[in-house]
Amino acid sequence: MSGEMMAVDYYIPLIMFLIVGALVPIGALAAVKIISPQKSTLQKRSTYEGGLRPIREAIIQYNVQYYLFAIAFVIFDVEVLFLYPWIYVYASDAIPAVGGVSIAITGMLIFIVVLLIGLLYDIKKEALRWV
Amino acid sequence: MIDLTQFYDIRFLIELGAFSLLAVIILGLSILTVYSRNIVHSGLYLLGSFAAVAALYISLNATFVGVAQVLVYIGAVGVLILFAIMLTRKTLMEEESHG
Amino acid sequence: MVLKNLKMTLKRSIGGVEVTRLYPEKIMDLPDAERGVHVLDIRKCIGCGACARICPNDCIKLVPYARGNPLKNKKQQYPQIDYGRCMFCGLCVDDCPANCLTMSKVFEIAGWERDDIVYGPEDIAVGQYNDQELAELAEEARKAEEEKKRKAAEAAKAKKAKAAKAKAAEEGEKGSGEKTAKKKAE
Amino acid sequence: MTTANDVLSALQSAFPGAVEEAKISPERQLWATIKPDKIVDVCKYLRDNHSFDHYSGAAGVDKIDEGLFEVTELLASHGAHQVVALLKVKTPRDDPSVKSLTGLYWNANWYEREIWEMLGINFEGHPELYPLLLCDELVGVWPWRKDFKGYPDYTTAERAIEMVTSDGYTEYSFPPTEAEIKAGTVPVDRPKYPTFREREEMEIEGESEMILHMGPQHAVVPGPFLLDILVDGERVKKAFLDVGYIHKGIEKIMENRTYTQGIPITDRLCYMAALTNNEAYCGAVERLLGIEAPERGQYIRMILEELSRIQSHLLGTGEFLTLIASAVYSPFLYMIIDREDVLSCIESVTGARINHSFVRFGGVRNDLPDGFKDMTLDTLKMIRQKTEEYKELFLSDSIYRKRMEGVGVLSPQEARRLGVSGPPLRASDTPYDMRREDPYLLYKDMDFEVITRKEGDSKARVEVRLDEILESCYIIEQCLDQIPSGPVMAEGVPKRIKPDPGEAYYRVEDHRGEMGFFVVSDGSDKPAKVKARGPVYAYFQALPPLLEGVYIADVVAIAGSMDACTSEVDR
Amino acid sequence: MVLSAITEFAAQEPKIYGLVIGLVAAAILASIINVVAMLLVWLERKVMGDFQARYGPNRVGGRWGVLQLGADAVKLFTKEDVIPRGADKPVYVWAPIVAVATTMLVAGALPFGAVIIDGKEIPLVVANMDISAFYIEAALSIMAISAFMAGWSSNNKYSMLGAFRGIARMIAYEVPMGICVISVAVMAHSLNVVEIVQAQSVWFAIAQPLGFVIFAIALITDLGRMPFDQTEAEEEIIAGYNTEYSGIRFGLLYFQEYIVMLLGSILLVHLYLGGWNGPVIPVISFISPMIWFFMKLVIVLVALIWVRVSLPRFRIDQVTDLGWKILLPLSMVNLAWAVVVGLYFA
């Protein structure tokens with residue numbers, strides 16, 4: 001029954017942080033509800049747009065060109081994710097060196113170069129041009 | 001055989017409680033995602049359920065996967081979904097929300 | 001690059017002095033030409049109303065003032081300035097024929113009510129008469145008045161006498177001069 | 001060099017009988033009355049054959065005694081010659097109509113709209129005769145007419161009738177009362193036209209487009225005006241401009257004041273340029289009176305106006321910086337600090353920091369104080385050094401250059417077509433400066449350079465301003481060296497100003513461009529008509545075409561680089 | 001005594017210990033962070049005043065205006081809570097809560113200095129997990145969600161543009177920032193922030209200057225401070241996603257920005273400036289790491305304010321260009337450099 005520290009145990013306090021973090025604003029809002037005046041009028045609650053009545057809705061369709069940014073982001077984010085586990089192995093003996101050349105390092109350098117080429121291709125194709 | 005004594009182990013109870021809580025959150029948010037009338041609300045519920053899945057991974061001692069879930073699913077895929085919502089036609093959204 | 005900007009702000013921060021003045025404690029030096037609250041030389045003012053006429057905003061009104069110079073006409077009036085409307089253009093000062101209206105360096109004229117910033121002659125006048133002077137002036141004025149009255153009375157008397165003389169002469173011409181002389185003697 | 005006489009004789013031979021009467025006074029100003037049906041042809045002839053390519057403005061005068069309206073078109077040239085043509089067109093009061101010049105000059109648009117809404121003169125062929133400065137309720141009362149009875153009282157809140165629109169917003173309307181209709185202060189038959197909002201809504205096409213209000217309460221605007229941009233994502237497709245939120249009716253106010261009382265009111269056209277506004281108005285009245293300031297007075301005016309130019313450019317540049325940076329951006333505050341010293345110099349003479357009201361007909365209010373020369377020279381030395389620093393900053397900083405280079409480019413032809421003047425025009429490689437073009441005061445004796453830039457972008461406009469600060473410093477130093485002793489006011493200026501009937505136009509180089517005052521006298525002690533032709537009015541009109549196709553962030557950079565002042569536009 | 005009992009208990013019942021210690025630490029840290037963030041607001045206003053030849057707050061609380069923030073807080077608490085009529089109410093209400101809560105998630109994993117007890121360095125960190133750098137990186141990436149929630153729910157065009165810009169900016173800088181963290185971890189052979197700090201016999205800012213610059217730029221972008229505050233560019237879109245927020249709700253969002261600024265600066269100090277490392281000061285050796293840590297932190301914070309008052313703002317397309325086309329390739333180059341140099345030093 002002796003409890004050795006497992007990786008998960010480090011995360012338990014964080015739940016408390018999340019709860020306290022949520023309680024701070026909720027407490028503040030509750031306090032405001034008690035102290036502050038509440039005389040809401042229709043005018044007071046109107047949308048601010050330079051002092052005039054807005055023309056049409058704010059929620060519109062944006063240009064689809066922007067979607068390329070999001071896709072590129074997902075791709076690169078996932079590929080960066082592959083790099084994290086590698087930190088632990090690149091200098092260890094987990095992946096042996098062949099002929100004095102570390103496979104882990106060479107492999108990852110190749111990976112970076114491939115990423116770079118992909119990025120340059122993206123830029124050249126003007127996929128990342130802000131319209 | 002099930003060792004009944006472990007039901008009295010407080011650690012087990014905590015784990016069980018955490019798991020059931022997370023399960024309820026995941027299921028609840030997933031159902032809300034599907035049935036929500038507003039597409040942005042759906043997206044946000046989905047993000048919440050991703051977060052709960054991340055917590056589930058962590059509680060299963062797969063911490064790296066859990067954090068990766070946060071980074072990729074909430075940070076990247078979630079943003080992709082929100083972006084996609086902003087790029088949809090408003091009339092489409094209205095159909096969704098009224099239909 | 002952006003370093004020049006950073007250098008500039010750092011230079012100002014380290015070598016610089018605070019330029020902002022802590023206002024109510026420290027007031028900046030104002031030049032002599034400053035156009036602030038008016039100053040009215042009450043001894044010079046002739047109450048002509050040129051300032052009121054030239055004012056583009058109609059903020060000057062002429063009002064009677066008890067402590068004005070009683071030597072002058074009692075109906076003389078002095079300017080009252082509504083600083084809620086004044087725009088400190090200085091036209092009234094330029095136009096004053098007696099050069100009695102000037103502008104001072106005072107600029108703090110805030111008030112709680114609109115009436116608080118309507119400055120009457122009692123607020124803007126300089127060279128005001130103190131009570132003794134005022135009494136002396138009043139005395140002088142009274143004397144002058146008396147003198148005037150006396151003169152007037154004298155003049156009236158003289159006129160009367162003249163008239164009587166003329167009448168007597170007339171009567172004498174008619175031959176009744178003796179009768180009147182007798183009556184007077186009695 | 002073309003003289004006014006040449007233009008007149010050319011006109012008379014090209015259009016026999018079209019010129020009804022004409023005079024040249026003073027030299028370089030040609031006043032001519034043109035037959036109403038010939039005005040477009042005459043202007044076209046002048047533009048094409050005598051390079052009158054600068055439409056400087058228009059003024060409408062109500063001559064109620066003669067039963068006429070008079071529209072005076074002001075034409076000038078961008079440097080080809082120095083003649084100003086003031087062409088008058090008369091039209092009967094009961095059915096006023098004049099041919100529009102918008103087909104010839106793009107920027108005639110706003111000037112004619114203003115005359116239409118104020119005087120009720122119809123402009124034939126004008127593409128968009130909608131109100132510009134007045135609100136919709138007031139169109140039809142024609143406030144510039146001499147028989148105008150006053151506005152209906154729209155100010156009291158009790159009269160407002162609340163209306164909830166379909167999208168849940170409240171709007172107010174002010175129906176006139178019976179008494180007002182009887183008194184004639186309410187327009188009875190109002191002209192029909194689509195409102196500003198309706199005109200905007202017509203332009204929205206796709207799902208991804210929206211109209212964003214920037215103003216009247218927005219951080220970008222120097223005063224309340226409405227800049228609406230139709231955006232697609234971050235790109236501006238079209239811009240709409242609505243002004244008149246703070247219309248004060250200064251020109252009408254001045255008609256109800258004596259000439260002298262008008263001087264402090266000209267300050268209020270724009271506080272940054274109070275002295276030049278004074279100068280333009282006093283210059284026009286001096287022309288009517290036929291007097292001139294003594295030499296010392298003219299020098300003092302020049303010194304103060306150049307100092308005022310320095311402070312205006314410093315603040316203008318600083319404000320521009322806050323627009324492309326943020327309100328806490330330090331160099332802006334440094335410029336404010338430097339400007340304070342310049343203001344102190346001016347204050348030591350005029351007694352006021354902002355609204356100077358210092359220039360008088362035939363001179364200035366008072367002489368320079370003791371020690372002014374030393375104080376000013378010290379300040380100028382500091383300003384020179386600081387300005388060099390700021391210039392270096394602009395040249396070296398890569399973020400500035402990214403934000404300003406190639407943003408809002410005005411080609412020389414485009415700048416002339418849009419009718420802008422001052423630094424924006426000079427930044428577009430057009431050396432057009434009133435101090436050279438139409439020398440007033442003693443500028444013809446001064447040695448200075450008209451600053452120009454070739455690029456025509458936002459950066460060039462700011463650079464022109466910074467260089468002009470240096471040039472102004474040089475002019476002031478010359479003035480301080482050369483200033484003679486003597487009186488500051490001309491002899492024999494009457495206290496009660498009553499010019500002979502006539503009219504005068506006088507223009508000066510404001511800090512922002514061409515500032516002109518057109519004053520008509522009917523022989524009484526009050527002007528019959530005052531018309532201020534301000535430079536910012538022209539900038540504002542030129543803004544919407546400049547903003548097409550830029551990013552939202554560039555809207556700020558372009559509008560800021562124009563150094564606008566709403567107060568003067570609305571007057 | 002007590003300490004050993006606690007450690008024993010912790011070893012036996014890590015989950016309960018975690019919950020209890022988490023609650024206590026979270027409560028304490030939350031209040032400390034709030035106070036420090038308030039001081040930070042005051043510091044920013046005061047330092048900004050210094051850079052701009054003016055005083056800054058100087059009335060409330062004496063010549064230094066230390067009580068200015070108390071006054072501001074009182075004002076925010078007594079202001080009416082207005083929810084705009086066009087807003088999507090649940091999302092609008094939840095946005096500030098999500099913002100503050102996710103910020104606290106970062107705070108749990110960050111070491112706030114260290115103390116030396118019996119010659120042993122004990123880092124002051126609540127959750128000292130082995131991949132804490134990765135965790136912080138992931139938690140920071142959630143921030144954009146709350147900004148999006150605030151911006152979208154307000155149903156205001158300025159807010160909408162602000163939210164859109166916020167996401168576009170976040171996705172442009174997340175990847176270079178992640179690669180920078182990896183470069184640091186490569187040199188330290190660990191993803192644990194405490195170990196990264198301890199591995200810095202030479203500051204990583206010196207070992208990888210390029211990475212330091214990239215990370216600093218990406219951090220400023222993440223914090224949304226000048227010259228990267230396009231989401232709140234008041235001259236263009238008033239206050240971005242904050243526009244419709246007022247009173248305490250605005251206060252929370254504003255406050256959260258300063259908390260993130262504080263946490264981000266701490267991260268920068270840990271990853272590149274050697275954290276609490278420094279020569280032991282003899283007399284007060286107990287807190288000498290804290291002194292070094294605070295000195296570095298204050299310098300970083302003042303530098304952030306200095307940058308804010310000195311630089312103009314980029315345009316949003318220039319920001320994304322900078323992120324994608326310059327910083328991302330450069331960060332990959334930096335990673336290669338880190339691998340090579342790391343091997344050489346190792």
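For chain A, the option among E:V100, E:L191, E:V82, E:T78 with the highest count of heavy-atom pairs below 4.5 Å is E:L191. Per-residue heavy-atom pair counts under 4.5 Å with chain E were compared for A:D77, A:L116, A:I35, and the maximum is reached by A:L116. Comparing E:D317, E:I182, E:L252, E:V175 by heavy-atom pairs within less than 4.5 Å of chain A, the highest count is held by E:I182. Options E:I238, E:V333, E:D81 differ in how many heavy-atom pairs under 4.5 Å they form with chain A, and the most are formed by E:I238. For the options E:F77, E:Y158, E:F134, E:F164, heavy-atom pairs under 4.5 Å to chain A are most numerous at E:F164. The candidate from E:N34, E:N156, E:V98 with the greatest count of non-hydrogen atom pairs under 4.5 Å with chain A is E:N156. In terms of heavy-atom pairs under 4.5 angstrom with chain E, the leader among A:I34, A:V24, A:L29 is A:L29. Counting heavy-atom pairs closer than 4.5 Å to chain A, the top-ranked of the candidates E:E174, E:E244, E:E137, E:Q318 is E:E244.
Note: E:R315 CZ to E:D321 CG = 9.0 Å, rounded to the nearest 0.5 Å. The line from OG1 of E:T320 to CE of E:M170 is 14.0 Å long, rounded to the nearest 0.5 Å.
Side chains of E:E236 and E:Q230 form no contact here, defined as non-hydrogen atoms less than 4.5 Å apart. Annotation: side chain of E:T243 is not in contact with side chain of E:I237 (no heavy-atom distance under 4.5 Å). When side chains are defined from C-beta on, E:W324 does not count as touching A:I123, because their heavy atoms never get closer than 4.5 Å.
Between A:I117 and the choices A:L119, A:V113, A:L120, the side-chain contact (heavy atoms from CB on, under 4.5 Å) rule is met once, by A:V113. With E:Y245 as reference, E:Y92 is the one residue of E:Y92, E:F255, E:F250, E:Y254 to meet the ring-ring contact (aromatic ring centres under 6.0 Å, His included) rule.
For A:L109, the part lying under 4.5 angstrom from a heavy atom of chain E is the side chain only. The parts of A:V80 that come within reach of chain E are both its backbone and its side chain, each placing non-hydrogen atoms under 4.5 angstrom from that chain. Contacts of E:A30 with chain A are made by side-chain atoms alone, with heavy-atom separations under 4.5 Å and no backbone atom involved. Heavy atoms closer than 4.5 Å to chain A are found in both the backbone and the side chain of E:E80. Only the side chain of E:L29 has a heavy atom closer than 4.5 Å to any heavy atom of chain A. Heavy atoms closer than 4.5 Å to chain A are found in the backbone of E:K79, but not in its side chain. Within the 4.5 angstrom heavy-atom criterion, only side-chain atoms of A:L81, from C-beta onward, approach chain E.
In this structure, A:Y66 and A:F69 have tilted ring planes: the angle between them lies in the 30° to 60° band.
Electrostatic pairing of E:K157 and A:E49 counts as a salt bridge here, judged by a charged N lying under 4.0 Å from a carboxylate O.
In this structure A:L18 satisfies the side-chain contact (heavy atoms from CB on, under 4.5 Å) test together with E:A101, E:L105, sequence neighbours excluded.
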